[in-house]
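Reviewing the structure listed below.
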Amino acid sequence: MAVAQIAAHAGKRVRLRGWLYNLRESGKLLFPILRDGSGWIQGVAFKKALPAEEFEALRGLGQESSLEVIGTVRADARAPGGFELDIEHVTVLQAVSADEPYPITPKEHGIEFLLEHRHLWLRSQRPTAVLKIRHEIIKAVRDFFDADGFVLADAPILTPAACEGTSNLFEVEYFDQKAYLTQSGQLYAEAAAMALGKTYCFGPTFRAEKSKTRRHLTEFWMVEPEVAFATLDDVMHLAERLVTCVVGRVLERRRPELAVLERDVAKLEAIQMPFPRVSYDEAVERVNAAGGGMVYGTDLGGADETLLSQQFDRPVMVHRYPAAVKAFYMQPDPERPELALCVDMLAPEGYGEIVGGSQRIHDRELLQRRIAEHKLPTEPIEWYLDLRRFGSVPHGGFGMGIERVVGWICGLEHVREAIPFPRTIYRIQP
RNA sequence: UCCUCAGUAGCUCAAUGGCAGAGCAUCCGGCUGUUAACCGGAGGGUUGUAGGUUCGAGUCCUACCUGAGGAGCCA
C-alpha cells in the first residue's frame, strides 16, 4: 500500500511502510508524518489507541527512522492531502539514534551543507519533485522518438578522441593506451543514422570544462537524435516538436510536483509551436538593440542569450552562426558559405541554450578540409570519413541537455538540482 | 585560468579590537488537533589552518585550505 493510493482506501484499514518525515507531539497525542516515496501523510496516534510500548517507541523516534504502521484512513479537511491515518499499530524497523540525529531538519540549510548531504537531501520534498519531473521528461523523450519511428542506438562512453576540441576531455587509462570520456555521441549517431535512418542516443556525457555557473555540470545527460536526409529546417522542426511534447507531458502528468516547486505554470503553458526562428545576424541586432554589446562574429554569451530570450514567451531558435565559431562538422549555408547551417535553441526566462544542432557536412573533401583547419587528428576518426565514402547523404541532428531542460521546466536556480548526484568542477562527493 | 564573496555549536546566523551568543536540532519535563506546533529547563565551542600586528584578535594583516557566486567556454 502506497501513500499515493490512499484516497482509494478511505475508511479502510491499511499498512504503510516508510520513513518518519516529522513528528509533532501534543501530550497524549502524536502526529507523525510518514513518507514512502510516493507521498506524505500525517498519522494521528492517540495514546489509548495503540499498545503502550508501541506508543512509547513512536514517541521517542527520530526523524527519518524507518517504520511500519497499521491504521485506518480517514478523510479530514485539516490534512494537506485531504486524508489522515488513525494509527493502531507501529513497528519500528530502524530507529535513528539521538546521538546522530538526521542532519537535514525542517529548517533552512545552506547549499554547501545540502550538497554534502545530497544522498539524504534526495528525501526532501523539493528534490523528490524534481526527480519525478526528470523521470517524466526522460520518459516523454523516449516515447516521442519511439512514436516517430526512431531507433535507439546508444553511443560508447569510452572514446578514442574528441569530436569538438581536445581541451575539455576527461582522460582515462585504457589498458596500454589513452581513452577519453565522451563529450557527445553525435559522431556515432551519424553512423547509426546511415544504418537506421532515424536514430537517437541518450546517455551521460562529460566535459572537463572549468566552468562554474548555474548552467554547468561536468557530467550531464544528453539526448541526440540524428536523421538521414534531414536539412536544417527539418532539424529545427524536430527540435520544437520534441520540446513542445516534453513540456506538454509534464503539464499533463506532473502538476502536483510543479506546485511543490512553486513553478509559474502559465509560463510553461505558453510553450506552443511554432517557436520563433531568428538568424544569427538578426540575433546580433536584437541583442544590441536591447542594450547588449555583441560583436558580430562571436558566440552569444550568457547575458546576450538572456537579452534575446526575454523578447519571446517561448524558446527561440537562433540559426546560421558564423562557421568560424562553430564545430568542424557543420554544413555551410550554400547561399552564404561563411555561415553554418546550425541552430541553438534558447529556453525562456534566462535558462539559456537547451538544444544545439546542425546539418552535417556530407561531402568528404570538405569534411577533410575542415578537420585539417581545426587541426584535429584524423586517425581516430578515420571511420567517420567512411560515412562519406559509402553512400553519403545530407543529414542532421541535435543534442538536448536533459539537466538544462529539467532546470528550466522546474524553474530551478541551478542545474545541479536537476540530476540526482551532480558532478561539478569542485565537487565529486557524495 | 581569472574576478568576487564566505568559513563561529549538528544546522541557520549574531557578536564597535575588550566575558563567544540566539533560534532550530538533541536530551529532560508539560500539553487530546499539531501543521517549520507551542511552553519551561539542560548539555553542546581548538571561531577553517599556519603565522603576524596588539596590553588584548572571532574581528586587523599575510599565506594557505575548503566552498559558493560569476566570467571565458559550452548542452
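Proteins come first, then strands; the chains are lettered A, B, ... in the order of their sequence lines, and each starts at number 1. Side chains included, hydrogens not; waters and symmetry mates left out as well; all remaining heavy atoms used.
- Between the side chain of His109(A) and the base of rC11(B), no donor-acceptor pair under 3.5 Å is found.
- Nucleotide rG51(B) forms a pair with rC61(B), judged by Watson-Crick or G-U wobble geometry with both contacts under 3.5 Å.
- OP1 or OP2 of rG69(B) sits under 4.0 Å from a side-chain N or O of Arg416(A).
- Each of Glu108(A) and Asp76(A) was assigned the nucleotide of RNA chain B with the nearest heavy atom; the assignment lying further toward the 5' end belongs to Glu108(A).
- The distance between atom CG of Leu115(A) and atom C1' of rG67(B), rounded to the nearest whole Å, is 10 Å.
- Spacing between rU62(B) and rC38(B) at atom P, rounded to whole Å, works out to 44 Å.
- Contact annotation: the side chain of Arg241(A) approaches that of Leu238(A) to within less than 4.5 Å [non-hydrogen atoms, C-beta and beyond].
- Relative to the side chain of Arg404(A), the nucleotides rU26(B), rA68(B), rA75(B) differ in distance, and rA75(B) lies closest.
- For the pair Lys107(A) NZ and rU26(B) P, the interatomic distance rounds to 12 Å; values are reported in whole Å.
- Of the N and O atoms on the side chains of Tyr329(A) and Gln186(A), at least one donor lies less than 3.5 Å from an acceptor on the other residue.
- The side chain of Ala98(A) has rU26(B) as its nearest neighbour among rU26(B), rG69(B), rA75(B).
- Using a 30° and 60° split on the angle between ring planes, Phe113(A) and His117(A) fall in the tilted class, from 30° to 60°.
- In this structure, Phe328(A) and Tyr384(A) have perpendicular ring planes: the angle between them is above 60°, well past the 30° mark.
- Between the P atoms of rC39(B) and rC24(B), the separation comes to 7 Å (whole Å).
- Ion pair Glu64(A)/Arg35(A) flagged as a salt bridge, since at least one NZ, NE, NH1 or NH2 atom sits closer than 4.0 Å to an Asp/Glu carboxylate oxygen.
- Using a 30° and 60° split on the angle between ring planes, Tyr200(A) and Phe150(A) fall in the perpendicular class, above 60°.
- For Glu25(A), counting side-chain heavy atoms from C-beta on, the closest listed nucleotide (rG67(B), rG33(B), rC31(B)) is rC31(B).
- Taking the charged nitrogens against the carboxylate oxygens, Arg277(A) and Asp233(A) have no contact shorter than 4.0 Å, which rules out a salt bridge.
- Atom name C1', nucleotides rU26(B) and rC60(B): the rounded distance is 37 Å, in whole Å.
- In the set rA25(B), rU12(B), rG67(B), the nucleotide with an atom closest to the side chain of Arg427(A) is rG67(B).
- Backbone-only engagement by Asp299(A) is indicated by non-hydrogen atom pairs under 4.0 Å involving sugar-phosphate atoms exclusively.
- At a threshold of 4.0 angstrom between heavy atoms, the contacts of His117(A) with the nucleic acid are absent.
- Closest contact between the side chain of Arg215(A) and the listed nucleotides rA68(B), rC74(B), rA36(B) involves rC74(B).
- Shown here, rG40(B) forms a base pair with rC28(B); the pair counts as Watson-Crick or G-U wobble because both key distances fall under 3.5 Å.
- Salt-bridge annotation for Arg263(A) and Glu257(A): absent, with no side-chain N of the basic residue lying under 4.0 Å from a carboxylate O of the acidic one.
- Looking at the side chain of Tyr426(A), the nearest of the listed nucleotides rG67(B), rA36(B), rG69(B) is rG67(B).
- Separating the C1' atom of rU12(B) from that of rU49(B) is a span of 24 Å, rounded to the nearest Å.
- One can place CD1 of Ile104(A) at 10 Å from C1' of rC11(B), the figure rounded to the nearest angstrom.
- Contact check of residues 30-43 of chain A against RNA chain B (heavy atom, cut-off under 4.0 Å) returns Phe31(A), Gln42(A).
- Checking Tyr296(A) against Asp281(A) by side-chain atom types alone, a donor-acceptor pair falls below 3.5 Å.
- Here rC27(B) presents its P atom at 12 Å from CD of Gln63(A), a figure rounded to the nearest Å.
- If you take CD of Gln183(A) and P of rC73(B), they are 16 Å apart, rounded to a whole angstrom.
- The partner of rU8(B) is absent, by the rule that a Watson-Crick or G-U pair needs both atom distances under 3.5 Å.
- With distances taken from any side-chain atom of Leu29(A) to the nucleotides rA68(B), rU34(B), rU32(B), the minimum falls on rU32(B).
- Taking atom CG of residue Leu217(A) and atom C1' of nucleotide rC74(B), one finds them 12 Å apart after rounding to whole Å.
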Compile the donor-acceptor pairs under 3.5 Å between side chains in residues 37-51 of chain A and protein atoms, sequence neighbours left out, one pair per line.
unit_1   : atom_1 : unit_2   : atom_2 : d
Ser38(A) : OG     : Val3(A)  : N      : 3.1
Ser38(A) : OG     : Ala4(A)  : N      : 2.9
Ser38(A) : OG     : Asp36(A) : OD1    : 2.8
Ser38(A) : OG     : Asp36(A) : OD2    : 3.3
Gln42(A) : OE1    : Arg24(A) : NH2    : 3.1
Gln42(A) : NE2    : Glu84(A) : OE2    : 3.3

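- Residue Glu353(A) is classed as a sugar-phosphate contact, given heavy-atom separations below 4.0 Å to backbone atoms only.
- The residue Gly62(A) sits apart from the nucleic acid: no heavy atom pair falls under 4.0 Å.
- Listed nucleotides rC74(B), rA36(B), rC11(B) differ in distance to Phe113(A); the shortest reach to its side chain belongs to rC11(B).
- As judged by a 4.0 angstrom heavy-atom cut-off over every strand, Arg59(A) is placed among residues making no nucleic acid contact.
- For the C1' atom pair drawn from rC27(B) and rC3(B), the interatomic distance equals 47 Å after rounding to whole Å.
- Residue-level contact check: Asn22(A) touches the backbone only, with heavy atoms under 4.0 Å from sugar-phosphate atoms and none from bases.
- Within the 4.5 Å cutoff, the side chain of Pro332(A) has heavy atoms near those of the Leu366(A) side chain.
- A straight line from CZ of Arg126(A) to P of rA36(B) spans 17 Å, rounded to a whole angstrom.
- Between Lys212(A) and rG69(B) there is a side-chain N or O to OP1 or OP2 distance below 4.0 Å.
- Across all strands, Gln125(A) comes closer than 4.0 Å to no nucleic acid atom at all (heavy-atom distances).
- A close approach under 4.0 Å does occur between a side-chain nitrogen or oxygen of Arg214(A) and OP1 or OP2 of rG70(B).
- Checking Val415(A) against Thr424(A), the closest nucleotide of RNA chain B that is more toward the 5' end is the one next to Thr424(A).
- Nucleotide rU46(B) is matched to nothing when pairs are restricted to Watson-Crick or G-U wobble geometry with both distances under 3.5 angstrom.
- Between the NZ atom of Lys47(A) and the P atom of rG33(B) there is a distance of 16 Å, given to the nearest Å.
- Defined by atom type and a distance below 3.5 Å, a donor-acceptor pair is present between the side-chain atoms of Glu88(A) and Thr72(A).
- rC28(B) sits 15 Å from rG44(B) when the C1' atoms are compared, rounded to a whole Å.
- Distance noted for atom P between rG7(B) and rC61(B): 13 Å (whole Å).
- No contact: Val405(A) has no heavy atom under 4.0 Å from any strand.
- If you check rA36(B), rG70(B), rU66(B) against the side chain of Glu112(A), the one that comes closest is rU66(B).
- One P atom belongs to rC13(B), the other to rA50(B), and the distance between them is 25 Å to the nearest Å.
- Pairing for rC74(B) is absent, judged as Watson-Crick or G-U wobble with the two contacts each under 3.5 Å.
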